[in-house]
There are 2 protein chains.
Amino acid sequence: MKPTIYDIAKVAGVSTATVSKVINNKGRISDRTKEKIYQIMDEMRYRPNVLASALKGKCTYQIALLIPDMDNPIYAQYLKHIEDRGQELGFSIVMCSTDNNPEKEAKHITLLRQKKVDGFIIASKFSNEELLSELLQDEVPVVLFAHERPEMAIDSVTVDDYWGGFMATEHLISLKHEKIGVIADDSISCRERIRGYTSALRSAGLSAEDNMIVITRSKMADAEIAAGTLLDLTDRPTAIFGCNDIMAIGVMQAARKRHLTVPDELSVIGFDNTQMCTIVVPELSSIAMPVHELGKKAIDMLIDKIERQANLKQNIKMPPQLVIRNSTSKKK
Amino acid sequence: MKPTIYDIAKVAGVSTATVSKVINNKGRISDRTKEKIYQIMDEMRYRPNVLASALKGKCTYQIALLIPDMDNPIYAQYLKHIEDRGQELGFSIVMCSTDNNPEKEAKHITLLRQKKVDGFIIASKFSNEELLSELLQDEVPVVLFAHERPEMAIDSVTVDDYWGGFMATEHLISLKHEKIGVIADDSISCRERIRGYTSALRSAGLSAEDNMIVITRSKMADAEIAAGTLLDLTDRPTAIFGCNDIMAIGVMQAARKRHLTVPDELSVIGFDNTQMCTIVVPELSSIAMPVHELGKKAIDMLIDKIERQANLKQNIKMPPQLVIRNSTSKKK
DNA sequence: TTGAAAGCGCTAACAC
DNA sequence: GTGTTAGCGCTTTCAA
């Protein structure tokens with residue numbers, strides 16, 4: 001059997017209280033006993049039972065991460081970086097894939113609250129306002145990740161989607177494109193990116209036409225179809241902004257099927273700067289997220305809330321970066 | 001405060017034992033009390049505290065998944081399918097990324113054993129034999145995933161790598177290629193795939209030359225360099241088998257840099273059949289894994305071990321499938 | 001500086 | 001059928 005705190009106490013000739021105190025570095029214990037207990041714990045290969053201490057109200061060192069779509073490599077990246085940082089800090093990540101399905105989201109949340117995870121990082125859409133307010137009310141530590149809810153007082157770490165959309169579009173404008181389409185899904189982030197797009201057009205004195213914006217599901221095949229509708233217009237755009245790399249690649253595929261060469265006949269730019277950008281031909285220009293920093297920040301913020309019960313709301317917004325590759329070029 | 005089993009017992013006018021019995025569906029309880037207790041639990045929105053019951057030796061409904069490399073989309077796929085199945089069964093997945101680093105593997109294992117996860121699915125390399133035997137000795141439920149250890153009595157669910165390697169090579173041979181290279185990493189799976197490759201060559205009466213096999217790290221850039229050495233040979237191969245899609249794409253990039261067109265001047269085939277296959281140009285032929293079945297099987301097997309303490313060793317090996325796309329063609 | 005003891009929420013053996 | 005009770009391994013208050 002694994003040794004318990006009792007075994008240690010017995011061998012050390014002290015009470016469990018004393019052992020507990022040295023484990024948690026609390027109360028005043030003489031250096032001598034401390035020393036001795038450490039040594040005995042070491043010898044007996046003692047490992048505290050996290051369950052028992054959690055039952056007494058301590059934390060479980062587990063964090064749940066809700067992720068919408070594992071098919072999009074950007075989420076694998078987020079997961080990786082969040083897990084990395086969690087690992088450094090002794091926190092494990094419980095991974096929940098949701099497909100943006102509110103039922104799945106709710107199921108995960110209830111289940112994991114039962115299992116007493118210490119907090120949630122939510123990268124999923126989470127349209128269930130009610131559940132969200134419930135979490136806030138119960139003071140469950142939550143940070144929204146990669147999308148925000150400005151209307152709710154809730155912590156978040158996001159990228160500046162507006163600015164990303166602006167930069168992407170501005171880049172296309174700088175290449176003399178005037179008719180620029182955009183393919184997006186109906187997420188909040190995409191709405192922001194579109195806002196950036198519109199704003200960039202306006203700033204350049206171009207008109208933002210409604211029929212240049214098409215919303216669809218965030219799947220490559222859907223994006224391809226959506227791009228098709230744009231490309232089949234008699235007055236087709238000469239450049240398209242895909243609101244994430246998956247969609248941008250869908251656009252490239254639509255172009256290929258129509259024998260339009262990228263970038264000569266159509267410029268395409270994506271968003272997220274995933275590994276996919278460098279394997280397509282031509283390589284895809286994109287907007288890079290500071291994935292590592294985003295992940296780190298989210299965990300750090302959450303753990304801060306967990307451990308210090310810090311409760312001031314923070315909304316961190318990091319700047320994305322334009323990465324120019326070969327899918328965008330001067331309008332011919 | 002959240003209601004406990006005591007609260008329910010009090011309201012129902014019974015003892016906690018009775019409530020516990022109806023929760024766990026054990027012992028004989030009259031339908032009337034059962035009914036009543038259910039109703040009260042419902043009304044009070046009672047949720048059993050998993051920690052407390054786990055402290056009594058029950059399971060935590062948590063499974064750890066050790067994954068080597070989140071940059072390879074095949075692992076994101078595995079994770080997704082394993083999580084999906086776990087979700088259906090009420091088990092949460094604790095995700096551990098290891099980079100195949102033995103230290104990280106060990107750290108995760110010890111930490112999560114402390115946290116009392118019910119079992120481990122190990123897709124990481126796990127070269128630490130000692131740790132593995134320790135797990136077996138302590139009867140911790142473990143299933144090896146996507147790679148096996150025939151020499152150790154340990155459950156596993158894998159794909160038939162040998163057969164996959166054989167099929168890939170045979171496909172190239174059927175296209176009249178005679179000089180076929182292979183790029184692989186030093187994992188056990190890849191060794192099997194190479195064994196299949198060698199065997200296919202032999203069956204066709206072709207010689208397997210050592211200098212056609214190059215082992216490197218499983219990164220695109222490394223594979224590209226490795227492929228380069230092959231392609232720069234005066235007697236270069238006319239086809240290359242990349243032991244996973246990442247590496248195969250590295251091969252395609254090496255070819256592009258040398259102005260060799262795929263498939264006309266060089267046929268390339270990958271392994272895993274990830275989404276990447278359909279976004280590269282030309283689309284990459286590959287060997288498809290039954291990802292969904294693999295994931296499901298692994299979880300089901302593990303849970304079986306957890307719940308029934310089933311202890312007979314099983315090694316499940318599933319057949320992969322050849323998917324022909326446009327990166328392979330008849331030798332010109 | 002240390003210890004006794006109550007209790008976190010639940011389960012299970014045993015008694016009735 | 002149902003209740004009593006002793007823990008699971010730990011933390012923490014209070015007393016010494």
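Because only heavy atoms are used, hydrogens play no part in the values below, and waters and symmetry mates are left out as well, while side chains stay in. Since the model is a prediction, treat every value here as computed from it, not as a measurement. Per chain, numbering begins at 1; letters A, B, ... match sequence-line order.
Distance, B:Gln114 CD to D:dG9 P: 14 Å, rounded to whole Å. Atom NZ in B:Lys115 sits roughly 16 Å away from atom P in D:dC10 (whole-Å rounding). Atom NZ in A:Lys116 sits roughly 9 Å away from atom C1' in C:dG9 (whole-Å rounding). Rounded to whole Å, the distance from CG on A:Asp7 to C1' on D:dC8 is 13 Å. In this structure, A:Leu55 places its CG atom 18 Å from P of C:dA6, rounding to the nearest Å. Distance, A:Arg32 CZ to C:dT2 C1': 13 Å, rounded to whole Å.
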Protein proximity profile, nucleotides 10-16 of chain C - base contact B, sugar-phosphate-only contact S, no contact -, cut-off 4.0 Å on heavy atoms: BBB----
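Using a 4.0 Å cut-off between charged side-chain N and carboxylate O, A:Lys125 and A:Asp69 make no salt bridge.
Atom CG of A:Leu89 and atom CG of A:Leu302 lie 11.0 Å apart (nearest 0.5 Å). How far CZ of B:Phe91 is from CG of A:Leu111: 10.5 Å, rounded to the nearest 0.5 Å.
In A:Glu88, the CD atom is crowded: over 12 heavy atoms of neighbouring residues, nucleotides or ligands sit closer than 6.0 Å.
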Distance-only donor-acceptor pairs under 3.5 Å for side chains of residues 74-82 of chain A, two or more places apart:
unit_1	atom_1	unit_2	atom_2	d
A:Gln77	NE2	B:Asp71	OD1	2.8
A:His81	ND1	A:Gln77	O	3.0

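Defined by atom type and a distance below 3.5 Å, a donor-acceptor pair is present between the side-chain atoms of B:Lys115 and A:Ser92.
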